[in-house]
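Notes for the one structure printed next.
Any value given below was found using the heavy atoms of this structure, including those in side chains, with hydrogens, waters and symmetry copies removed.
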Amino acid sequence: MPIPIINSIASWFLKKRIHQMELFIKYPHEVQTEILHQLIEKSKDTLIGQKYDFASIRNYRTFTQRVPIQTYEEFEPLIERSRRGENNIFWPTPIKWFAKSSGTTNAKSKFVPVSPESLENCHYAASKDLLCLYLNNNENSQLFTGKSLRLGGSKELYRKNGTVFGDLSAILIDNMPFWATYSSTPNNEISLMSDFEAKMQAVVKTTIQENVTSLAGVPSWMLVLLNNVMQYTQKASLQEVWPDLEVYFHGGVSFEPYRDQYHKLITKPDFKYYETYNASEGFFAVQDRNHSKELLLMLDYGIFYEFIPMDVYGSSEEEAIPLSEVEIGINYAIIITTNAGLWRYKIGDTVRFTSTHPYRIKVTGRTKHHINVFGEELIIENAEEALKKATLLTNSEIIDYTAGPVFMEDRKKGAHEWIIEFKTPPKNLQEFERCLDESLQSLNSDYEAKRKNNVTLNRLQVHIAKHHLFYTWSKKNNKLGGQHKIPRLSNKRDYLEELLQINKEI
């Protein structure tokens, strides 16, 4: 399809969609209320709809009184019935697709339902909106003169009992509309290769022949790919490989640990970074402005949002509130009700609102990925900001990290223990430890209180990881590529102990 025709279609869609976004920005609460009523009405004759008498629910208050907040483990029996081919359990439309991901408390994989509605009106709608917002902010963009290099999951799709499961990215690629397939590289055959390392080589050899204008994928794995491209081509910078490269659409994990490394690879002064917030359960927010670290919460994707303040999360005082009651600066756990039949579902992520006109957020971490063994409430947002300060002060550079607690034993005080893989290690590790510890105290008053005079916590300890430690750990645990993430913080020592052991062996 000629570029002028593509640009004309994009321009028409952009104008139409920007107007729709303006509506939910102007009337956020009304849009959310309408979505809740639509979800309830559509599902009233399902098994779950009959159980909670959806037909008689008229308002949000009644909805919260009848429908309990649930974790994946609590919802799993219904999902398993659906995976075996039973229909009309929690959503009226037959569900064929299930996105497989890790992270449950019982160490089994999650199988998240992906309905036709969520596929089209959430995941694919968000992809179009991301392009729409980017083009609206960059009128001179030449995005459609080339292709988007996408780096998705490396898992195959598996069929059983009439349903299909696999990485969400593999499901999206397998169902991708023609306009996305036409404008993407590599092809589907390479994108869905199951051997990550063989796939990486194939992606490099294929994409360096293309005119790539954008990148899309998880920062950690995209960085692996780009470093392979640089090594294979022996170029000094990425724009020598792809001169028209102008934007990187990233999501899945925090970009902060990788930001400096990308800036060294891509030295174009006008290069753009656009962040997305999506998961197997849905697509939630996108960056809507150039050079912003805030994400616009997308309110018309068929998802109804609720939030639990983290200071009462998991306690007897836990109570969800609707979007209309959130406040700026408070850390919230997200609860979602979706057009794939997830009802008041704890997704496991935490966010902080930076604005309520419109509703913009920052992703702060995971409800399970924090350290609160000693009442310090250390979240990923604190950790990554502190690491950034420590690396600046010590002229070091980080590739990956994880941290866990040192428990109190034999009258010894507790502490935090870190293992960090550096690209450029600090000249003095003790100085780095001091900078990191003081930075954490400046960012987190609870941590500062526990550290004061070593009352509860001793100063943290850092181990330097050997080269490729986290890659080796990922490969050993079959977590290369796709949506797989390095566990950052944990109340347990499981990840830490395993990494320390592998570090001794390599």
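- The line from CD1 of Ile361 to OH of Tyr305 is 7.5 Å long, rounded to the nearest 0.5 Å.
- A pairwise comparison of heavy atoms in Pro405 and Phe374 identifies CB-CE1, 4.2 Å as the closest pair.
- Judged as a side-chain contact (heavy atoms from CB on, under 4.5 Å), and not counting sequence neighbours, the contacts of Asn87 are Pro94.
- Looking at heavy atoms from C-beta onward, Asn138 lies in side-chain contact with Asn290 at the 4.5 angstrom threshold.
- Residues that satisfy the side-chain contact (heavy atoms from CB on, under 4.5 Å) test with Glu139, not counting sequence neighbours, are absent from this structure.
- Across all non-hydrogen atoms, the minimal contact from Glu376 to Asp446 is O-CB, 3.3 Å.
- Remark: the Gln32 side chain and the Tyr27 side chain contain no N/O donor-acceptor pair separated by less than 3.5 Å.
- Side-chain N or O atoms of Asn136 include none that pairs as donor or acceptor with a backbone N or O of Cys132 at under 3.5 Å.
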Inset, instruction - Please assess Leu323 against Thr356 for the test side-chain contact (heavy atoms from CB on, under 4.5 Å), listing each intermediate value before the final yes or no. - result: CA-CA 9 Å; Leu323 183 67; Thr356 54; over 6 Å; no
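- Here Glu385 pairs with nothing under the salt bridge (charged side-chain N to carboxylate O under 4.0 Å, His left out) rule; sequence neighbours left out.
- Judged by a 6.0 Å distance limit and a 45° cone about the ring axis, Arg360 is not positioned over the six-membered ring of Phe353.
- Side-chain atoms of Ser280 do not come within 3.5 Å of backbone N or O of Ala99 as any donor-acceptor pair.
- Around CD of Gln65, the count of heavy atoms belonging to other residues, nucleotides or ligands within 6.0 Å exceeds 12.
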(request) Could you go through the ring pair (Phe, Tyr, Trp, His ring centres under 6.0 Å) check for His29 and Tyr359 one step at a time? (result) CA-CA 11 Å; His29 308 143; Tyr359 284 98; 5.8 Å; yes
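- Note that the CD atom of Gln20 and the CG atom of Asp129 stand 8.0 Å from one another [nearest 0.5 Å].
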List the steps and the verdict of ring pair (Phe, Tyr, Trp, His ring centres under 6.0 Å) for Tyr401 and Trp418. CA-CA 7 Å; Tyr401 73 92; Trp418 297 64; 5.8 Å; yes
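- At a threshold of 4.5 Å between non-hydrogen side-chain atoms, the residues Asn121 and Asp300 do not count as touching.
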Checklist entry - Under the side-chain contact (heavy atoms from CB on, under 4.5 Å) criterion, do Ile79 and Tyr72 qualify, and how do the steps go? => result CA-CA 9 Å; Ile79 290 176; Tyr72 177 83; 3.5 Å; yes
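- Between Leu342 and Phe90 the shortest side-chain heavy-atom distance does not fall below 4.5 Å.
- A distance of 12.0 Å separates CD of Glu384 from CZ of Phe255, quoted to the nearest 0.5 Å.
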Using side-chain contact (heavy atoms from CB on, under 4.5 Å), reason through Tyr447 and Asn382 one step at a time and then give a plain yes or no. CA-CA 10 Å; Tyr447 182 81; Asn382 300 152; over 6 Å; no
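- Of the possible donor and acceptor atoms, one in the side chain of Ser118 sits under 3.5 Å from a partner among the backbone N and O of Ser115.
- Taking a 6.0 Å sphere around OH of Tyr495, one finds it holds 12 or fewer heavy atoms contributed by other residues, nucleotides or ligands.
- Tyr262 places a side-chain heavy atom less than 4.5 Å from the side chain of Pro219.
- Taking the centre and axis of the six-membered ring of Phe75, the NZ or CZ atom of Lys346 falls outside the cone set by 45° and 6.0 Å.
- Annotation: cation-pi geometry not satisfied between Arg66 and Tyr52 (NZ/CZ under 6.0 angstrom from ring centroid, within 45° of ring axis).
- Between Arg83 and Glu76, no side-chain nitrogen of the basic residue sits less than 4.0 Å from a carboxylate oxygen of the acidic one, so the salt-bridge criterion is not met.
- With contacts defined as side-chain heavy-atom distances shorter than 4.5 Å, the pair Tyr60/Thr33 does not qualify.
- For the atom pair CZ of Arg344 and CD1 of Ile336, the computed distance is 12.5 Å after rounding to the nearest 0.5 Å.
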Which side-chain N or O atoms in residues 324-335 pair as donor and acceptor under 3.5 Å with protein atoms at least two apart or in another chain?
unit_1	atom_1	unit_2	atom_2	d
Asn331	OD1	Thr364	OG1	2.6
Tyr332	OH	Glu327	N	2.9

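- Between the side chains of Asp288 and Tyr274, not a single donor N or O lies within less than 3.5 Å of an accepting N or O.
- Under the ring pair (Phe, Tyr, Trp, His ring centres under 6.0 Å) criterion, Phe283 pairs with no residue at all, not counting sequence neighbours.
- Using a distance-only test at 3.5 Å, with no hydrogens or angles considered, no donor-acceptor pair links the side chain of Thr276 to the main chain of Asn278.
- In this structure the side chain of Lys42 reaches within 4.5 angstrom of the side chain of Trp91, judged on heavy atoms.
- Atoms CD and CH2, on Gln70 and Trp343 in that order, are 11.0 Å from each other to the nearest 0.5 Å.
- Here Tyr273 pairs with nothing under the side-chain hydrogen bond (donor to acceptor under 3.5 Å, both in side chains) rule; sequence neighbours left out.
- Annotation: side chain of Tyr124 is in contact with side chain of Leu119 (closest heavy-atom distance under 4.5 Å).
- A donor-acceptor contact shorter than 3.5 Å is absent between the side chain of Arg352 and the backbone of Val363.
- Between Ser43 and Thr46, the side chains place no donor N or O within less than 3.5 Å of an acceptor N or O (distance only, hydrogens not considered).
- Here CG of Asn444 is found 10.5 Å from CD of Glu381. Values are rounded to the nearest 0.5 Å.
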Glu197 and Lys475: CA distance, side-chain angles, deciding distance, salt bridge (charged side-chain N to carboxylate O under 4.0 Å, His left out) verdict = CA-CA 10 Å; Glu197 292 175 330; Lys475 184 176 181 179; 3.2 Å; yes
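- The pair Lys293-Glu275 fails the salt-bridge criterion, with no side-chain N (NZ, NE, NH1 or NH2) lying under 4.0 Å from an Asp/Glu carboxylate O.
- If you check the side chains of Thr213 and Glu246, you find no donor sitting under 3.5 Å from an acceptor.
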*Mind running side-chain contact (heavy atoms from CB on, under 4.5 Å) on His123 and Tyr301 for me, showing each step along the way?*
CA-CA 8 Å; His123 293 289; Tyr301 286 171; over 6 Å; no
Working for salt bridge (charged side-chain N to carboxylate O under 4.0 Å, His left out), residues Lys110 and Glu281: CA-CA 11 Å; Lys110 292 195 300 184; Glu281 292 86 351; 3.1 Å; yes
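- Side-chain polar atoms of Asp53 and Ser56 form a donor-acceptor pair below 3.5 angstrom.
- Under the 3.5 Å distance criterion, the side-chain polar atoms of Arg493 are left unmatched by any main-chain donor or acceptor of Ser490.
- A donor-acceptor contact shorter than 3.5 Å is absent between the side chain of Glu498 and the backbone of Asp494.
- Counted by atom type alone, Tyr134 and Gln287 present zero donor-acceptor pairs between their side chains at under 3.5 Å.
- At least one side-chain heavy atom of Leu297 sits less than 4.5 Å from a side-chain heavy atom of Leu299.
- Side chains of Thr71 and Glu74: a donor on one and an acceptor on the other come within 3.5 Å.
- With 3.5 Å as the limit, one finds no donor-acceptor pair spanning the side chains of Arg150 and Ser183.
- Between the side chain of Asn187 and the main chain of Ile190, a donor-acceptor pair closer than 3.5 Å is present.
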